[in-house]
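Worksheet: one structure, shown below.
All of these numbers come straight from a predicted model, not from anything done at the bench.
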Amino acid sequence: MSFEITQFGAVTILLLVMVAGELIAKITKGWVPSALVISLLLLAGFWTILPADLVARAGVTSAMFALVAGLLVANMGTLISRSEMIAQWKTVLIALMGIAAIVIICLTVGAAIFGWDNAVAAAPPLTGGAIATAMMRSAAEASGNTQAALIAVVCMAVQGLFGYPITSFCLNKETKRLSALYQKGELKTVATAVNGAAQGKKPCSTNMALLKLSAIALISYYLQTLTQGYVSMYVWCLILGFAAHEANIVEKDSLSKANCYGLAITLLMLYLFGGLSSSTPETILPVFGIAASLVVLSAVGMAAMAFLASKIFGQSFYMCYAVILNAFFGFPINVMLTEEALDNNTSSPEERAAVSGQVMPKMLIGGFVCVTIVSVLVAGILVKFI
């Protein structure tokens, strides 16, 4: 059942749902993340009275998503300092350990309980990424295994429902811990000062800031084409955004200074959550038990690996687990959950910046390693075994 909705009506409905999620997150101080609330409300709506093309009716298209995502990721690159970028080799290894945990648990315990084909079909989607899901679904359908094809799709649909609250819990714990260290004067802050050539420079106009970020996104698109898609344009956006800031070409957080960051994030989230419209009862319910069980098993394996990583690299368990859980959603949900935790556990702009400098780069790098890069490689290997 659906009813006719105008463009402004569609926008209003979507924003009402997002505001409801934000209010519940604030009331519960982040322990019930807005992403989970928004997902459940929209899922219920799409299953009852909301049209499947609600986001399209609002004017938020895939082309707009690609544009906004490129600008945002390039802007995120400007937030990471040189020292922090160098230090992220640990984050890369932690994320890879998390991917290994998912594959191992699915192909051993998962295969023993739910069958080899089902476990193989589930592993790449659980490491993150729509492309990996599409690859496994196509391979399963080609082999005539419709159940395995459904499991691949449903794992991607439901993993966020488990990943959002667990990650929110970890990020709240970590930001609260770092906030306490900051208040004691014990937090090692990330240097944010730019060199003398950039100091005192007048902020760019909105158009100039957007032009610079758009140029980065354009170059990244061509680099993705040049690498035949093996390196996503969003990975290039992050790298080039960082390089442009280091070269004093782009200001730190220029999208916020151009007063565009909030709108860009909102548009990105609207498109992302609109993808839930394809998760129909006919798709989810027949294999929900198997998919949910594989997600839970993976989450347990990831927790064990996070504990091991915390001991190896001397980082907190909560931070390691949050990095690894990026596999369940990636960008931009990781940014959304991180900002909620920062809002709930810091009390001043300086404190927020100090804590964010420790958490946000790790979440960004973890998300790109899991979802944008490794998930496709895992799918490329496992697709031959289904």
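For the atom pair F273 CZ and L14 CG, the distance stands at 11.0 Å (nearest 0.5 Å). With values rounded to the nearest 0.5 angstrom, F368 atom CZ is found 5.5 Å from L238 atom CG. Interatomic distance, CZ of R352 versus CD of E339, reported as 5.5 Å (0.5 Å rounding).
For Y221, the OH atom is loosely surrounded, since the number of other residues' heavy atoms within 6.0 Å does not exceed 12.
K212 contributes no side-chain N or O that, together with a main-chain N or O of M208, makes up a donor-acceptor pair within less than 3.5 Å. Looking at S179, its side chain never comes within 3.5 Å of a backbone N or O of T175 through a donor-acceptor pair. The backbone N or O of A148 lies less than 3.5 Å from no partner atom in the side chain of D117, so there is not a single donor-acceptor pair. Using modelled atom types, one side-chain atom of S277 and one backbone atom of A52 make a donor-acceptor pair closer than 3.5 Å. Looking at T48, its side chain does come within 3.5 Å of a backbone N or O of G45 through a donor-acceptor pair. S310 places a side-chain N or O within 3.5 Å of a backbone atom of F307 that can act as its donor or acceptor partner.
Classification of the Y318-F169 ring pair by plane angle, with boundaries at 30° and 60°, yields perpendicular.
A salt bridge links E141 to R137: at least one charged side-chain nitrogen sits closer than 4.0 Å to a carboxylate oxygen.
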